[in-house]
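These figures come from a predicted structure and were not determined experimentally.
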Amino acid sequence: MSFPNPYNDNVLAASYAKLGTENTYNIAYRDVAHLFETYDMSGNALDYGCGAGRSTRFLRSHGFSAIGVDISEAMIAEAREQDAEADYRLIEPGNLQAFRDGQFDLVLSMWPFDTIATAGEKIETLNEISRVLKPDGRSILVASSPELYMREWVSFSTSEFPENKIARDGDKVRVLIKDAGSRRLVEDILCTEANYEAIFQKTTLMLLEKRSPLASVDDRYQCDWISELSNAPWMVFLLQKRADAQ
């Protein structure tokens, strides 16, 4: 299945670079930060699919020494412009050969798997992520839930795409990002929680914990939530290298 990277576009990359960690996005960043604390994570981190550097800067703000990699030249250019002192690198999809075995304590992937077209490509990428993890290292994968493509959110709109509601694993789904100053269309590939779990079983990583985070009235950050209090826009998976892959 041919599925070009939707973010390898200068206009979209410039728009995406304006995004922060607020609104619907904050729900994911909040839970990732909680995983850092719960599992006492620190050290060297790889941000796989760093985009314009938002998640790499997030890692550094939590004390990690972080390298950001992405397959989009336009995104890497935006990341370097915003954060010239950081280490951002352009890579081929799933190719982490620039890094040695066991180099990282953490590999963070915030939404790049939404645009990886096939289960086979996801498996290959996850095995590369596993390879560069230390034996006791962990990987956090954040992906869009199927709910994201079926409802209205503070940061997203899907009302123009009713066909999303009948999409199945592997189908294209569309969403408009509202947070970037103008409504920007993005096409993703639907992957359900059950399919992710089946994919993990075929890799050298094991699932330690999964979350379907909601907004909370007790959160420090608040806005006029739409679906976020009752429906989870994201899936958060915590993974660790299998013992037989050490």
Quick one, [X] and [Y] - any side-chain contact, counting heavy atoms below 4.5 Å?
| X | Y | answer |
| --- | --- | --- |
| Val236 | Lys210 | no |
| Tyr39 | Gln240 | no |
| Trp225 | Cys223 | yes |
| Cys191 | Lys122 | yes |
| Trp234 | Thr24 | yes |
| Val142 | Val32 | yes |
| Thr21 | Tyr221 | no |
| Phe36 | Leu59 | yes |

Non-hydrogen atoms of Ile76 and Cys50 that approach each other most closely:
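Result for this residue pair: CD1-SG, 3.8 Å.
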Under 6.0 Å from the CD atom of Glu197, do we count more than 12 heavy atoms belonging to anything else shown?
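Atom CD in Glu197 is packed in, count exceeds 12.
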Review item, side-chain donor-acceptor pairs of residues 90-100, under 3.5 Å, at least two apart:
{"from": "Asn95", "atom 1": "OD1", "to": "Gln97", "atom 2": "N", "distance (Å)": "2.9"}
{"from": "Gln97", "atom 1": "NE2", "to": "Glu128", "atom 2": "OE1", "distance (Å)": "3.4"}
{"from": "Gln97", "atom 1": "NE2", "to": "Glu128", "atom 2": "OE2", "distance (Å)": "3.1"}

Before we go on, tell me: are the rings of Phe156 and Tyr25 under 6.0 Å apart, centre to centre?
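Ring centroids of Phe156 and Tyr25 are less than 6.0 Å from each other.
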Salt bridge check: are [X] and [Y] linked by an N-O gap of less than 4.0 Å?
| X | Y | result |
| --- | --- | --- |
| Asp219 | Arg30 | yes |
| Glu160 | Arg183 | yes |
| Glu163 | Arg174 | yes |

Just how far is it from atom [atom1] of [X] to atom [atom2] of [Y], taken to the nearest 0.5 Å?
| X | Y | atom1 | atom2 | answer |
| --- | --- | --- | --- | --- |
| Leu108 | Leu35 | CG | CG | 10.0 Å |
| Trp111 | Asp188 | CH2 | CG | 11.5 Å |
| Asp114 | Met235 | CG | CE | 7.5 Å |
| Phe64 | Asn44 | CZ | CG | 10.0 Å |
| Asp169 | Thr118 | CG | OG1 | 12.5 Å |

Check the hydrophobic clustering (I, L, V, M, F, W, Y; side-chain heavy atoms under 4.5 Å; chains of links allowed) and say if Met150 and Leu229 are grouped together.
no
Is a side-chain donor-acceptor pair under 3.5 Å present for Asn164 with Thr158?
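No, Asn164 and Thr158 have no side-chain donor paired with an acceptor closer than 3.5 Å.
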Taking Ser139 for the side chain and Leu239 for the main chain, is one N or O donor matched with an acceptor at less than 3.5 Å?
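No, the answer is negative, given that no donor and acceptor are paired below the 3.5 Å cut-off.
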Verify, without hydrogens or angle tests, whether Asn127 (side chain) and Thr203 (backbone) share a donor-acceptor contact under 3.5 angstrom.
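A pair under 3.5 Å: no.
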Any salt bridge (charged side-chain N to carboxylate O under 4.0 Å, His left out) pairs touching residues 198-209, not counting sequence neighbours?
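Qualifying pairs: Glu209-Arg211.
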